[in-house]
Each structure stands twice: as C-alpha cells, then as structure tokens.
Amino acid sequence: MSYKHYMLKVLYCSLGIAVVAGIIALFTGVDNEIIGRLIGTSLLTAAATGLLLLSIKLSVDEDKKPISVCLSILTYLGYFFFFTAIWCYLINGDEDVFAMSGLMVLATSTPLLIGSTLLGIERAKLCGRVLVIVWSVLALWWIIDVWSNPHRFSPSANYTTPIAVYGSMVAFLCLLHIRKLIWIGMLPLFVAFVTTEHIAYLFIIDRHASYTEWGVALTASWIAASLSLPTILFFRLRKYQAIVLERISTVLIVLALGSIAMVVYRDSTGQVIEEWQVRFASGFGILALAGILGTLVWQSAQVYMIPKADQAFELAIKCPRCRHAIGLHQGKNHCPYCDLSMQINFEAPY
C-alpha cells in the first residue's frame, strides 16, 4: 500500500475519533476533560494528515520538492509539540512549554515555506537559501529559549528581532540580478544590523542608547530597506513589467520608510512627535502598501491574461457540420456553406 493510502487511512481514523467523541459528548456532556482532548487530537491529526497529503502531491514535481520537504518537517514538528501538549498531563509534563514550542514552529512556517518555494525557482535560489537559513536558526533559537526559560522569554531573545528583520532584507536584496548592487546594499545592512544589536544589548543591561546610536541605526535601516524591499516589485520577466507603477511604488516605499524612521527616532529618543510627522508616516505607509499591492496585481494580471490573436490570423479547418474547408478568425465565425455559428478564442497570439 502506498504512503498516500496510509495517510488517507489515518485521516479517516482521526475523523472517526472525532465522531466517537461527539457521540460520547451527547450522553456525558462536553465538560469531560478526556472528550475535549480526544476532539483536539482528532482535529490536529486530520489537519496534519491533510498537510502531509499536500506534501506528497507537491513532491511529484522536481521544482516543488524543497517546499514538500519543508512542509513535511514543519507538519511533523508541529504535530509532535501540539499532540504532546494535549496529553502531557498524563506524565505531569508542562503543557505550556510544548504548546509554546508548537507556536514557535507556526510563527516561522510562513517565511520558511516562502524560502523553500523560492528554492525551486532558478532566479531566486539565493534568496530562498538565505530565508531558510535565517528562519531555521530563529526557529531553533526560540524553541531552545522556550525550553530554557519556561513561561517567559529570556532577555537574549531581544537579539533575534534584528536577525529576523535584516536577515529577511538580505534575502530580498539577493533578488537583484546585478551582483555589484547586492554588495553595495550589504554595507548599510551590516551597519544597521550591528548598531541595532548594540541597542538591543543596551536595552538588556537597562541602559539607553544615545541620539547618535539611534540616528545611525535608523538611517542605515532606511537606506537598507529602501534598497531591499523594492526588489520584490522588480522580480519579474521584462515582458511583464509595469515600469510606471514600479517606479511610483518605489518612491512611495522610500518616503514611507523615511517617515516611519523619523517617528521611531523621535519616540525612541524621548522627543515630541509632531502631528505632521505622524500624518506623513501613516499616509505614505498606506500609499506605499497600496502601490505595492497594485503593482503586484497588475504584473500578475499580465501573466495570466490570455493574449488575443490578430484578426489577420486564420486557422484552416474542416467545418464540423458540412465538412467543407473553411478558415476561422479570432471571435465570431460563420461557415459560408452551412451557416454554422462558432465562437473562437485562441490562447496564443500566433
């Protein structure tokens, strides 16, 4: 029997457990703790089995094998932690530790799945590798932190935020086709990362960063983000470009990031934030988000829109009704012999 059939049997069994638990609840009520745990286990098993079936389906395609492997690993880890959290009371275990570990797996699943998906795209393999490495390290760090410091995060967890932010920026920067630009962008990224980690260190030892430290960190972050984030807009084939929208969105991104950095700087250094600064940050932020979404939607629309054939193009066939030789054009056609009406839509322009 194939692995897929085993998964289906597990899925049916898990749903069967839920049905049995529901029938028992009709007679004993839902206050019974065992009933609740049985229902939780069956639903968890059903969800995990569905994800594994999706992983099996993806593994057939060579380009999708990285995401298939990643999805399987995340599913197994998540299932282990949540299943143990449900039943660890039987061995007097701390269910909060297992539940938090499962949540850490979920928290890192989106960037990990995105990274593994990019591994299957030749032009984005470097970006995918960086995302997978960065977020795998973070997932491991957070799980170890949960086990080392039950019920609270240790102060060292403050070091992980810059890793998540600037590590993702490095990945976005790797989408650039010109390698020299990647190395140019790495400089402000490195400066921003180092200064932000230093500020995190000062926060841990209960000291305040100076105006200069905040200024360097936010200025370098603004430059790095302005180089990194727009690469998402330009990661497309030339024939699908929307150059006007891409340029306008890039300008809005730069203005939004600069306005937000200014507000964060004044707030972090204890200065009064002016009303116009808040309006600029929120307004440009909304406009930048709208520009990004609008550009991506337009690029996607160009990919999936069916190109129309020129009316001069003629497809020679035999009429399905009278079998005379005729020529069909894009749109409505009539057979000149039997007047058969035909609507033609070619999926290629030639």
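Model, not experiment: these values are computed from the prediction.
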Exceeds 12 heavy-atom contacts within 6.0 angstrom, atom NE2 of His334 = yes

Looking only at side chains, do Ser156 and Ser154 share a donor and an acceptor under 3.5 Å apart?
-> yes

Side chains of Ile121 and Asp63 in contact at under 4.5 Å (non-hydrogen atoms) = no

Neighbour count above 12 (heavy atom, 6.0 Å) for Phe203 CZ | no

Heavy-atom count around Gln271 CD within 6.0 Å, excluding the residue itself: above 12?
-> yes

Residues, nucleotides or ligands: over 12 heavy atoms within 6.0 Å of Tyr159 OH = yes

Under 3.5 Å, is there a donor-acceptor pair linking the side chains of Ser228 and Tyr166?
-> no

Going by atom types alone, do Trp135 and Ser168 pair a side-chain donor with an acceptor below 3.5 Å?
-> yes

Met104/Asp145 under side-chain contact (heavy atoms from CB on, under 4.5 Å): CA gap, chis, key distance, verdict | CA-CA 10 Å; Met104 293 303 102; Asp145 186 70; over 6 Å; no

How are the rings of Tyr337 and His324 set relative to one another: parallel (under 30°), tilted (30 to 60°) or perpendicular (over 60°)?
-> parallel

Could you check whether the rings of Trp87 and Phe83 sit parallel, tilted or perpendicular, using 30° and 60° as the cut-offs?
-> tilted

Under 6.0 Å from the CZ atom of Arg247, do we count more than 12 heavy atoms belonging to anything else shown?
-> no

